[in-house]
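By convention in this document, chain letters (A, B, ...) are assigned in the order of the sequence lines, proteins followed by strands, and residues within each chain are numbered from 1.
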2 protein chains.
Amino acid sequence: MINPLHIATFLSLHKTRHFTRTAEDLNMTQPGVTLHLQRLERELDVSLFARRGKTMELTPDGETFLRFARKQQKAEKELRDSLGEDSPFCGECRITCSGSMATRLYPALLQLQEHHRELRISLEAAPDATAVDLIKKNLMDLGLITSFIEDPQINITRIGHEELCLALPAHHTGVWADLLSLGYIDHPNGAHYASQVLEKNYPREFSGFADLPQKGYINQLSQILLPVSEGLGFTVLPESTVDLFPDQKRICKASLAVPCRETLYLITKKHRPLPNRYQLIRSCIDSLLSSGTAAPRETNR
Amino acid sequence: MINPLHIATFLSLHKTRHFTRTAEDLNMTQPGVTLHLQRLERELDVSLFARRGKTMELTPDGETFLRFARKQQKAEKELRDSLGEDSPFCGECRITCSGSMATRLYPALLQLQEHHRELRISLEAAPDATAVDLIKKNLMDLGLITSFIEDPQINITRIGHEELCLALPAHHTGVWADLLSLGYIDHPNGAHYASQVLEKNYPREFSGFADLPQKGYINQLSQILLPVSEGLGFTVLPESTVDLFPDQKRICKASLAVPCRETLYLITKKHRPLPNRYQLIRSCIDSLLSSGTAAPRETNR
DNA sequence: GATTTATCATAACAATATTTTATCAAATTA
DNA sequence: TAATTTGATAAAATATTGTTATGATAAATC
């Protein structure tokens, strides 16, 4: 392995072309300089300087090494600059959450990034279990999940909720017989969402997700409502997702006797303090959630 | 400065997640590993691993350092690979010569490069004095010049010659009165070339370059013959340059009573052995010069 | 939940490596 | 050619590094 002190000596030597002056430059004695260069050359098994008496100049290998030495020094300097510093306005922010939450969150995050150009937003849409795993493995720093978990490695806090919404083709009312005849458009969280909403609002009629007639399945969040808008079935989704569907005329939300909301949890890795830049992210999420649930339409004027 | 041994220990530690096993891995004792990490963390003033009891995992700074460490190791490996090796078929070949020689030489060198794709040809057209300077400063390795110089830092050998050629507009003969009425098209080597040729072939008439009527000046080698082809003047150039002019019908070479040739010298830096790859270059130049002067037209069939 | 085992941290010591002082040899300069 | 500058070498001093012995703490086992 190359001794970095040797590199420094080499660079000074190249600058001064002088052993004695290099010694002064680096606060050492002249024999020390000689030894440094000797060891470096022996370590690499090449000669770096062609020394003819008093004059010295780089050999081709010396030129190669010079490029290497400069690169190394630059790299180390950059490392030291980047380590330890914890700017609240720059660096990578790695966030994972559900697809529906991602759709809602991403525009706000990008807006944030526009104000702080040195921020880098990485958003990974993933099911809750995967999200937890990503946090555990330090592949992501912040997670938003909808199920409460207890894990010794995870910090979890309630930060808001998402209203669940029974989405129907336009002009449908949401009576049970209607739902049955329409059938369910399933998606990755479909069973969980449907069970929650239907159990509470149709306690006598709903006998389990398995008994619900299925009309299709799609795992592309932005496309789940397409079959609904075509009158091919109904589904259950977070309200924010339904609100984002472009063709609002062709769908409608059933009014639920018992509203259902999913609690949103923010998770982080325990004993891994979040870098300062995540404060921006936190407040971004917070304001999104409060405005989003209290007055979902306000943002559209 | 970062101790490279510490980097190695860090990397093994990241791989094994185990101090004892790292010690075995690197043939050292466990306390040694502990010290390495401690020193590294103190040197950088950050903690690289979050250690909670038995488990350890990288901190964000640790991840940054990991990227750095891998980069460093790769860089050092590449350095060691590239040092010392002296393949006859790859690497940069830095050659400097006159513009006319460059025009002649470059196609041949490119052909060479096509056969040896790992060769890199750098050709710098420069006047003799500059060429010598480039060689002295190790900015170029091989030079072709037309004037003999004596310099304690320079090796110089005769390797061939270039025929000088009096270039006229088509249908001119080259009698002295004709030359006078045409006038001279000057270029960077114009004075030197003209003096040589005219002195020997018009010893009585020619009284010095200053007395020759000037009709223009251009330092773009490929364009010097343009005014000649338009009938605007005559000039003196190496024969190879004249032969490369595309519009041969509109120019002609005067037949000289006393042929003039410029000796070509190859120069290198003294005490700086040429890398093996220059053998290819040498033979390329040699064959070009022999075919070029012995039978200049042969290459065109 | 106590005991055992495994693992990392610490301290004193030993080994190693580095740097310096003193000196010499060679090359440049006067 | 002598004087001076400059780099190389050898021995000694110093600093650094790594090791052995041991202790503390966390995980594993009974």
Side-chain angles (χ1 to χ4, degrees), chain A residues 1-59 62 65 69 136 151-154 269-272, chain B residues 1-59 62 65 69 136 151-153 270-272:
Chain A
M1 295 241 97
I2 296 170
N3 186 331
L5 256 44
H6 295 171
I7 297 182
T9 304
F10 170 85
L11 285 172
S12 174
L13 220 33
H14 172 253
K15 194 173 61 190
T16 65
R17 313 246 138 171
H18 211 280
F19 283 64
T20 311
R21 242 166 280 152
T22 288
E24 288 162 16
D25 186 26
L26 302 177
N27 295 314
M28 54 198 292
T29 57
Q30 171 266 312
V33 175
T34 299
L35 283 186
H36 273 197
L37 187 61
Q38 282 178 352
R39 285 189 197 137
L40 184 56
E41 291 187 325
R42 195 150 52 81
E43 164 75 29
L44 297 173
D45 197 28
V46 295
S47 75
L48 299 172
F49 286 103
R51 276 156 286 181
R52 299 199 59 75
K54 174 178 168 147
T55 60
M56 58 193 299
E57 53 187 17
L58 289 177
T59 60
F65 186 77
K136 276 192 189 175
D151 190 306
Q153 290 184 62
I154 296 285
K269 183 91 177 256
K270 234 173 209 163
H271 311 300
R272 194 178 214 255
Chain B
M1 296 241 98
I2 297 172
N3 187 330
L5 258 42
H6 295 170
I7 297 182
T9 305
F10 170 86
L11 284 171
S12 175
L13 219 34
H14 172 253
K15 194 174 61 190
T16 64
R17 312 247 137 172
H18 211 282
F19 284 63
T20 312
R21 242 166 282 152
T22 288
E24 289 163 15
D25 187 24
L26 303 177
N27 295 314
M28 53 197 293
T29 57
Q30 170 265 312
V33 175
T34 299
L35 282 186
H36 272 197
L37 187 60
Q38 281 177 351
R39 287 191 194 133
L40 184 56
E41 291 187 326
R42 196 149 52 81
E43 165 75 27
L44 297 173
D45 197 28
V46 294
S47 75
L48 298 171
F49 287 103
R51 277 154 284 183
R52 300 197 57 74
K54 175 178 168 148
T55 59
M56 58 193 299
E57 53 186 19
L58 288 177
T59 61
F65 186 77
K136 275 193 189 175
D151 190 306
Q153 290 183 64
K270 234 174 210 165
H271 310 300
R272 195 177 212 255

From [options], nucleotide with atom closest to [X] side chain:
X       : options              : result
B/Pro31 : D/dT6, D/dA21, D/dA8 : D/dA21
A/His18 : C/dC8, D/dG7, C/dT18 : D/dG7
A/Arg21 : C/dA9, D/dT6, D/dG7  : D/dT6
A/Gln38 : D/dT9, D/dT20, D/dG7 : D/dT9

Quiz prompt | Residues B/Thr34 and B/Gln30: side-chain donor-acceptor under 3.5 angstrom | solution = yes
To the nearest Å, how far apart are [X] [atom1] and [N] [atom2]?
X       : N      : atom1 : atom2 : value
A/Arg52 : D/dG7  : CZ    : C1'   : 15 Å
A/Phe19 : C/dA26 : CZ    : C1'   : 14 Å
A/Met1  : C/dA17 : CE    : C1'   : 18 Å
A/Arg17 : D/dT6  : CZ    : P     : 16 Å
B/Met28 : D/dT16 : CE    : C1'   : 14 Å
A/Leu35 : C/dA17 : CG    : P     : 14 Å
B/Gln30 : C/dT7  : CD    : P     : 10 Å

Exercise. Could you check B/Phe10, B/Phe19, B/Phe65 and say which one makes a ring pair (Phe, Tyr, Trp, His ring centres under 6.0 Å) with B/Phe49?
Key: B/Phe10
Just call it for [X]: base, sugar-phosphate, or nothing, with non-hydrogen atoms closer than 4.0 Å on any strand.
X       : answer
B/Leu5  : sugar-phosphate
A/His36 : sugar-phosphate
B/Thr29 : base

Practice problem: Return no unless some side-chain N or O of A/Thr34 is found under 4.0 Å from OP1 or OP2 of D/dA8. | Solution: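 Yes, because at least one side-chain N or O of A/Thr34 sits under 4.0 Å from OP1 or OP2 of D/dA8.
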Quiz item: Counting just side-chain N and O atoms, does B/Arg51 come under 4.0 Å of either OP1 or OP2 of C/dA9?
Solution: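 For C/dA9, OP1/OP2 do have a side-chain N/O of B/Arg51 under 4.0 Å.
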Quiz item: So, A/Lys269 and B/Glu57, do they make that salt bridge, N to O below 4.0 Å?
Solution: yes
Quiz prompt | Atom pair CD (A/Glu41) and OG1 (A/Thr59), whose distance is rounded to the nearest 0.5 Å | solution = 7.5 Å
